[in-house]
Amino acid sequence: MRIIFLHTLMSISIITDRQLQPAEASLWVKAKQAVDTKNYKYAVSILKTLIKKSPGFLEGRKLLRACEVKCTPDAGRRSSLFGGMRLTTRKDPATVIVNIEDDLEKDPYSVTANEALFSAAVDLNLPELAAFALETICKGQPNPKKHLHMLANHYIKNEMFAEAADAYRRVLEIDRTDAIALRGEKDCSARATMKKGNWEGSGDFRTKMKNVNATTDLESADKMGLTRAEMEQRLAVLSEQYAADSANLQVVKDIASIYEQMEDYANSYSFYAYAFQLSGEADVSINDKAMEMHEKALNAELAYYEQVLAADPNNEEILAAYNARKQEVALAVVEDARARVEANPTDAQLQFKYGQALFDAGMQSEAIPALQRARTNPNLRIKAMLMLGKCYAAKNMTDMAIRQLEDADKELVAMDDTKKEILYMIGCLYDTAGNKEKSLENFKAIYEVDYGYADVAQRVESAYS
């Protein structure tokens, strides 16, 4: 987790050339003259001095970066991100944005250094500088998809929706099947239009409403059971409120809720995450909701890939992309679950979800301790024992898997879906172990109550033929 610094060595803001002090303005003139004569190395030395004196002079920093690229033919193609680099990421962010230029002079497209600049700029509330750092990475990378997504998210957080839409369009130029970019470009374009046409201007929200009672109606309206058109209408009204006061926690939560009902999980996640920030990161329930939406957004992306594959099952490129993204999603879900557990390690439900996420990511050994902790909760005990059985089975620990599942089976009386799943798995494990009698015994228990469960009928009846 990135530490947010609560103080800096200096107060920094973005300035223009007109706001430079006389001595610094003189350096700016000399730097431009050096560029005009194509003396880029000299321009770099002048501009570095200028930026250290005025770190908020973004125009100067942009010219510095352009000159560094001219002076570094292999920029962005260094064999090691850390070769000779004097990283500054552990320092105060104000120090980072001053001294990081020493690193960037060696490789202006360095991912490590530019990410450090981005993080420091975000901490100092300098969104323009943060965007410039990401844009620099995107220019220097052959496949900047990851950082274009970061850039789009950064623009969304700062309500720069037109710029976010453009970043998503650039993602689609690289990968036309990227589901998040497909939806993000459409949504951000729409929000940019709304902001330009309806959100600008000042005045209290209530004075903008055609009907002064609309606010009361909105606040008391039942959020469930709305049609798509009603949800869009409600979202438009909430957008007016958000424009008037973007720090209104209840409005942000309501917008997140509407997006959730519209199954726009990516936007829902964005607003829930912002709501958690507005709560001072004190409302754990909001954070839980944000992470739930994040997982749903990731799964929606996988569902899109599956639809594409269903239409073109022989497309090896899409299949490879799907499998790679599936693993990335599994790991992202693990990270979300880990963060929740670290925030509340005594919550058995979170431990279970963490264990399940680890199992889904193929990390059975790491899943076992989390599931063992979840097993101590009576309400989760059976589910945790079933997952443990699956972990042991995946590790070829057949005897331990059978023992865990049989213990779970003994605690279940009704032949519900969970008991059937447990019995079926026990039967399969005994079959793998070569104990046909025990295997058939478990399959028969299911056969007697549910003839159509999986391939139980075939397994049982074949034993009599």
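- Summarising the geometry of R61 relative to P55, their closest heavy-atom pair is NH2-O, 2.8 Å, with the distance given to 0.1 Å.
- Checked against side-chain contact (heavy atoms from CB on, under 4.5 Å), Q327 has the following partners two or more places apart in sequence or in another chain: L331.
- When atom types are taken as modelled, the side chain of N158 and the backbone of H154 share a donor-acceptor pair closer than 3.5 angstrom.
- Counting heavy atoms from C-beta outward, I174 and L148 have side chains that approach closer than 4.5 Å.
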Evaluate the criterion side-chain contact (heavy atoms from CB on, under 4.5 Å) for residue pair K383 and M387; output intermediate values, then yes/no.
-> CA-CA 6 Å; K383 291 197 296 183; M387 286 302 304; 5.8 Å; no
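- Note that NZ of K326 is 7.0 Å distant from CD of E306, once rounded to the nearest 0.5 Å.
- Summarising the geometry, atom CE belonging to M160 is positioned 11.0 Å from atom CG belonging to D166; distances are rounded to the nearest 0.5 Å.
- Partners of T346 under the side-chain hydrogen bond (donor to acceptor under 3.5 Å, both in side chains) rule, at least two apart in sequence or in another chain, are N344.
- Each of Q356, Q404, E421 was compared with K390 under the side chain to side chain donor-acceptor pair (under 3.5 Å) criterion, and only E421 meets it.
- Using a 4.0 Å cut-off between a side-chain N of Lys or Arg and a carboxylate O of Asp or Glu, E292 and K296 qualify as a salt bridge.
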Residues 363-372 side chain polar contacts: donor-acceptor under 3.5 Å, at least two apart:
| unit_1 | atom_1 | unit_2 | atom_2 | d |
| --- | --- | --- | --- | --- |
| S365 | OG | K395 | NZ | 2.7 |

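- For the ring-ring contact (aromatic ring centres under 6.0 Å, His included) with H294, the qualifying choice from Y265, Y272, F271, Y269 is Y269, the only one to do so.
- Of the inter-residue distances, the one linking C67 atom SG with E105 atom CD reads 11.0 Å to the nearest 0.5 angstrom.
- A pairwise comparison of heavy atoms in I286 and F276 identifies CG2-N, 3.6 Å as the closest pair.
- Looking at D92, its side chain does come within 3.5 Å of a backbone N or O of A94 through a donor-acceptor pair.
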Verify side chain to side chain donor-acceptor pair (under 3.5 Å) between H147 and E115, making sure each step is shown before the conclusion.
-> CA-CA 10 Å; H147 289 92; E115 284 184 345; 2.8 Å; yes
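- Using modelled atom types, no side-chain atom of E342 and backbone atom of A339 make a donor-acceptor pair closer than 3.5 Å.
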* To do: Tell me, with the steps shown, if T72 and K106 meet side-chain contact (heavy atoms from CB on, under 4.5 Å).
  => CA-CA 7 Å; T72 317; K106 301 179 181 69; over 6 Å; no
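- Environment of CD in Q233: sparse, with no more than 12 heavy atoms of neighbouring residues, nucleotides or ligands closer than 6.0 Å.
- The main-chain N or O of A116 is never found under 3.5 Å from a side-chain atom of S119 such that the two would form a donor-acceptor pair.
- The minimum heavy-atom distance between R325 and L298, with the atom names listed, is NH2-CD2, 3.6 Å.
- In this structure, the side-chain contact (heavy atoms from CB on, under 4.5 Å) partners of N315, at least two apart in sequence or on a different chain, are D312, E317, I318.
- A donor-acceptor contact shorter than 3.5 Å links the side chain of S110 to the backbone of A113.
- Within the 4.5 Å cutoff, side-chain heavy atoms of F132 are placed close to those of K62.
- Residues M385 and I422 form no side-chain contact, since every pair of their non-hydrogen atoms from C-beta on lies 4.5 Å or further apart.
- Counting all heavy atoms, side chain and backbone alike, R65 lies closest to L117 at NH2-CD2, 3.9 Å.
- No more than 12 heavy atoms of other residues, nucleotides or ligands lie within 6.0 Å of NZ in K157, so this atom counts as exposed by the packing criterion.
- The line from CG of D347 to OH of Y354 is 14.5 Å long, rounded to the nearest 0.5 Å.
- Using a 4.5 Å heavy-atom cutoff, the side chains of V251 and D254 are not in contact.
- From K146, atom NZ reaches atom CG of L151 across 14.0 Å, with rounding to the nearest 0.5 Å.
- Using a 4.5 Å heavy-atom cutoff, the side chains of K52 and D102 are in contact.
- At least one side-chain heavy atom of E260 sits less than 4.5 Å from a side-chain heavy atom of K289.
- With a 4.5 Å cut-off on side-chain heavy atoms, M262 and N267 do not count as touching.
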Note to self: Could you go through Y109 and Q141, starting from their C-alpha distance and side-chain angles, then the distance that decides it, and tell me whether this counts as side chain to side chain donor-acceptor pair (under 3.5 Å)?
What the structure shows: CA-CA 8 Å; Y109 289 138; Q141 294 297 304; over 6 Å; no
side-chain contact (heavy atoms from CB on, under 4.5 Å) for Q261 and I258? Distances and angles first, verdict last. CA-CA 5 Å; Q261 293 172 60; I258 286 293; 4.0 Å; yes
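- For A330, the side-chain contact (heavy atoms from CB on, under 4.5 Å) test picks out A361, with sequence neighbours left out.
- Although no hydrogens or angles enter the test, the distance criterion places a donor-acceptor pair under 3.5 Å between the side chain of S268 and the main chain of A256.
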Do V35 and K70 pass the side-chain contact (heavy atoms from CB on, under 4.5 Å) test, and can you show the C-alpha distance, the side-chain angles, and the key distance before you say yes or no? CA-CA 10 Å; V35 171; K70 290 284 188 180; over 6 Å; no
Side-chain donor-acceptor distances from residues 37-46 under 3.5 Å, at least two apart:
| unit_1 | atom_1 | unit_2 | atom_2 | d |
| --- | --- | --- | --- | --- |
| T37 | OG1 | Q33 | O | 3.3 |
| T37 | OG1 | A34 | O | 3.0 |
| S45 | OG | Y42 | O | 2.6 |

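- For the pair E101/E68, a side-chain contact is recorded, criterion being any heavy-atom separation below 4.5 Å from C-beta on.
- Salt-bridge annotation for R170 and E135: present, with a side-chain N of the basic residue lying under 4.0 Å from a carboxylate O of the acidic one.
- Within the model, atoms CD of E24 and CG of L27 stand 7.5 Å from one another, a figure rounded to the nearest 0.5 Å.
- Between L126 and I12, the shortest heavy-atom distance links the atoms CD2-O, 3.6 Å.
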